[in-house]
Structure formats: C-alpha cells, structure tokens
Number of protein chains: 2
Amino acid sequence: MLKLTKKADYGLMALKYLAEHPEAVALSAKDVADAYGIPAQLLAKILQQLTKKGLLRSHAGMNGGYALARDAREISAFEVILAIDGPFFITSCTKGTKACELTPSCTIKEPLARVNETIAGVLKSISIQDLAEHEHQPAKASEGHGLVALTL
Amino acid sequence: MLKLTKKADYGLMALKYLAEHPEAVALSAKDVADAYGIPAQLLAKILQQLTKKGLLRSHAGMNGGYALARDAREISAFEVILAIDGPFFITSCTKGTKACELTPSCTIKEPLARVNETIAGVLKSISIQDLAEHEHQPAKASEGHGLVALTL
DNA sequence: CTGAATGCGGACCTATCCAGTCGGATATTC
DNA sequence: GAATATCCGACTGGATAGGTCCGCATTCAG
Ligand code: SF4
Ligand code: SF4
C-alpha cells in the first residue's frame, strides 16, 4: 500500500543520472541501465514514456540516447511519477475505471483528498536537481524549498 | 501506486463513525458496515486487527461490539494505517521479504526515505477527531495542527 | 549502401497482492 | 440454550506490477 512503483523509482534514478552527466550529449537507455543494474528493456520503455510526456528529448541512431528536455531544477518528482504511473490518488475512488461505489456515502474521501494534495505538494517541491545535489551531503536544513501547510 | 488500501480506508471510516457516536457503549461490526455499505465480514476482520493493536476495545456477546480505546483525538490516521496494512514505506527496498536488490547501488533511496518520513508526519498529524469534526465544515485555515517541514 | 546501434511500441507472461468470502470456534447475554 | 457477537485461519478470483520478447523505424559510420 502507498508504495511507489519501481518504474517510477527507476525513472527518478535515470533522470538523476542524466542530471549528473550534463556534459554528455545523450546517454542511451542501456548506459543508464548498466550503471544501476536496472533491466535494460524495462528502463527503455520508461524513458520512452518520459519522452512522450516531454520530460526528455530522444535521438535515435548511433550515439543516440536521451537527454533532459529542461533544466534539472525545472523537473519535479511529481511530474515524473505522473508521467510514468498516471494520475496520482491515494484513494481508490478516482481510479477512472470502476470507482469505489460507496463514494456517495463515504465521509472521509474529502479529508483524504486534502491529504492527497499535501503529498502531491511535497512531491512537486522536489526537483531532479535536489536528488542529484544531495549526493553524500548532509541535510541542509535551511534549504527552504519545502514547507508544506496541511489544512485539514 | 501510492494508494491506500480499501481496508485502511474502511478502518478510518469505522473509527470516524465510532467517534461520532460516543454515546453508544459499543457498536457491532455489522452496524458500521450497514451504515456505509461496507462488506460486513471484511470490516469485522479489520476491526479485529485494530483491536489487537490496541486502538479499539471489543466486547463479545449480545449488545457487544467495538468502542474506541482512547479519545478520538489521541488516535492518528497513521496508527490506523500501520495497524491494518503494516509498516509504511513508499519504496520497495524495505518490504521485509525480498528487498529490492539494487539497494546498494541505488542513489535515490535516501532522499525518498525523507519523503517517506514527511508523508508519515502528515498522517500522524491527523487524528480521528479531525476526520469526524470536519463534517460539512469549510476548511479552517488556522487550525495549525499541520505544518510540515520537508528537509530534503 | 549496408549494417550496427539506438529509439519506438505493442503483445505477452508471471508472480504478487488485494478484496472479499467461507466455515467454524469462542464468548456473552437473555 | 438460543441468539448475537467477536475471533481466526484458509481460500479464491481478479487486478496490477514487473519484466520479457519481437519486429519496426531512425540514424550514422565506414
Ligand atoms: S469513496 Fe471513500 S471508501 Fe471509496 S475509495 Fe474513496 S475514500 Fe475510500
Ligand atoms: S533501493 Fe532504490 S530502486 Fe530499490 S526500491 Fe529502494 S529506492 Fe527503489
């Protein structure tokens, strides 16, 4: 429950890797997969999805590969998750197909929706840059980018 | 992904219902199930789990049922989820059995762990009382119980 | 021109987990 | 002792996540 999919996980790792290698014109899916031990074909599909959503630019052919479409600090973890796993909801009531049929009688879905938004806000406040920067570095308490007010 | 299980969902609804009926000595699983249209047997098991974890007190026999073990504002949503779905992790690396084998090479699990803690903090800041109070009431911006600092 | 490297995209398989059900035992009251 | 409860384990069916396979399109080096 409440778990990130591995695809999203892999996607974040890959983006971070790309952010850490800005000198490279493009890195192939295989390069990234080998760097971390991720199944190459699976990562390939993930990167394709990210490309389709406009987070990456791709280039086929020899010496082709992927590169960030924007600056690393302009890409949030939320976007990545959204691109890979689709819309983000912690409850089942909004699953598109076959919503929970007690939605009318349910009295907690509204409070939970706020929790949902809060979590989304947290994820939006994290950029790929943040992930890359954090390498072996003690927590910077005064970063100031994440202060989230939950108003139930 | 990142979805609450329906069991946890049902559990929260049930606790809220109990919180809203403090006058009742005890409410049976069936009472609550009927009130919302939740499968009775399933809810029964959920309430049993909550009892085992000490969030509810139970009483068998006629006119038996369940009652909150503590004051509604002393029970957090986090505890409920924990009791029903077990330990709370957004990543797969800590699933107890069969952890993700790239844990050593993974470079994002530490940042994600912080996100995890942040979310846990949000859930801890929500009490059953909060859920019950919120009935048809506009958001009270000055509630002040939830201000969560995310320090990546 | 040709072939290797790469991205693209669908079909497919499999294991796991969730939601819900069933059956039976035990406890309490009337 | 009958009715009403909680208690507890086992089971099933369906959904989804994780991963594989294969064929095609694109690019570039020699
Ligand atoms: S409607 Fe209520 S019970 Fe159904 S999924 Fe949404 S929150 Fe959960
Ligand atoms: S180790 Fe890294 S890849 Fe594996 S589950 Fe944890 S965060 Fe995800």
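Sequence lines set the chain letters: A, B, ... in the order given, protein chains first and strands last, and positions in each chain run from 1. No hydrogens, no waters, no symmetry mates; every other heavy atom, side chains included, goes into these values.
With values rounded to the nearest 0.5 angstrom, B:Thr107 atom OG1 is found 6.0 Å from A:Glu20 atom CD.
Nearest heavy-atom pair across A:Leu102 and B:Ile38 is CD2-N, 4.2 Å. B:Gly11 and B:Val80 make their closest contact through C-CG1, 4.3 Å (heavy atoms, listed as atom of the first residue, atom of the second, distance). Considering every non-hydrogen atom in both B:Cys106 and A:Met13, the closest pair reads CA-CE, 3.9 Å.
As a whole-Å value, the separation of A:Lys6 NZ from C:dT16 P is 12 Å. We find that CG of A:Leu43 is positioned 13 Å from C1' of D:dG18, with the value rounded to whole Å. We find that CG of A:Leu4 is positioned 17 Å from P of D:dT16, with the value rounded to whole Å. Atom CD of B:Gln49 is separated from atom P of C:dA19 by 12 Å (rounded to the nearest Å). In this structure, A:Leu56 atom CG and C:dG7 atom P are separated by 11 Å, rounded to whole Å. One interatomic measurement links the two molecules: CG of A:Asp85 to C1' of D:dT16, which rounds to 11 Å at whole-angstrom precision. For the pair A:Lys52 NZ and C:dC8 P, the computed distance is 10 Å after rounding to whole Å. One interatomic measurement links the two molecules: CD1 of B:Ile84 to C1' of C:dC17, which rounds to 16 Å at whole-angstrom precision.
Listed nucleotides: D:dG18, D:dT6, C:dG10. Nearest to the side chain of A:Lys7: D:dG18. Comparing C:dA19, D:dC22, C:dG23 against the side chain of B:Gln41 picks out C:dG23 as the nearest.
The only option from B:Lys124, B:Lys53, B:Arg70 that meets the side-chain hydrogen bond (donor to acceptor under 3.5 Å, both in side chains) definition with B:Glu79 turns out to be B:Arg70.
Taking 4.0 angstrom as the limit, B:Tyr66 places a side-chain polar atom (N or O) nearer than this to OP1 or OP2 of D:dC7. Proximity of B:Thr51 to the phosphate of D:dT6: no side-chain N or O atom is located under 4.0 Å from OP1 or OP2. Distances shown here put a side-chain N or O of B:Tyr10 below 4.0 Å from the OP1 or OP2 atom of C:dG20. OP1 or OP2 of C:dC8 lies within a sub-4.0 Å distance of a side-chain N or O belonging to A:Ser58.
Mapped onto DNA chain C by nearest heavy atom, A:Gln48 and A:Met1 fall at different nucleotides, with A:Gln48 at the one closer to the 5' end. Position along DNA chain D of the nearest nucleotide to A:Leu42 versus B:Leu47 favours B:Leu47 as the more 5'-ward residue.
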Exercise for review: Would you please test A:Asp85 and B:Leu2 for side chain to side chain contact (heavy atoms under 4.5 Å, CB included) and show each step?
Suggested key: CA-CA 10 Å; A:Asp85 287 334; B:Leu2 220 43; over 6 Å; no
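Counting non-hydrogen atoms under 4.0 angstrom, B:Ala44 reaches nothing in the nucleic acid. Counting any heavy atom pair closer than 4.0 Å across all strands shown, B:Lys30 reaches no nucleic acid atom. Using a 4.0 Å heavy-atom cutoff across all strands shown, B:Ala26 reaches no nucleic acid atom at all.
Under 3.5 Å, the side chains of A:Thr91 and A:Lys109 contain no donor-acceptor pair of N or O atoms.
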Check your understanding: For every nucleotide of nucleotides 25-30 of chain D, 5' to 3': is a protein heavy atom under 4.0 Å from its base (B), only from its sugar-phosphate (S), or from neither (-)?
Key -> -BBS--
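Residues A:Glu110 and A:Arg114 are in side-chain contact: their nearest non-hydrogen atoms beyond the backbone lie under 4.5 Å apart.
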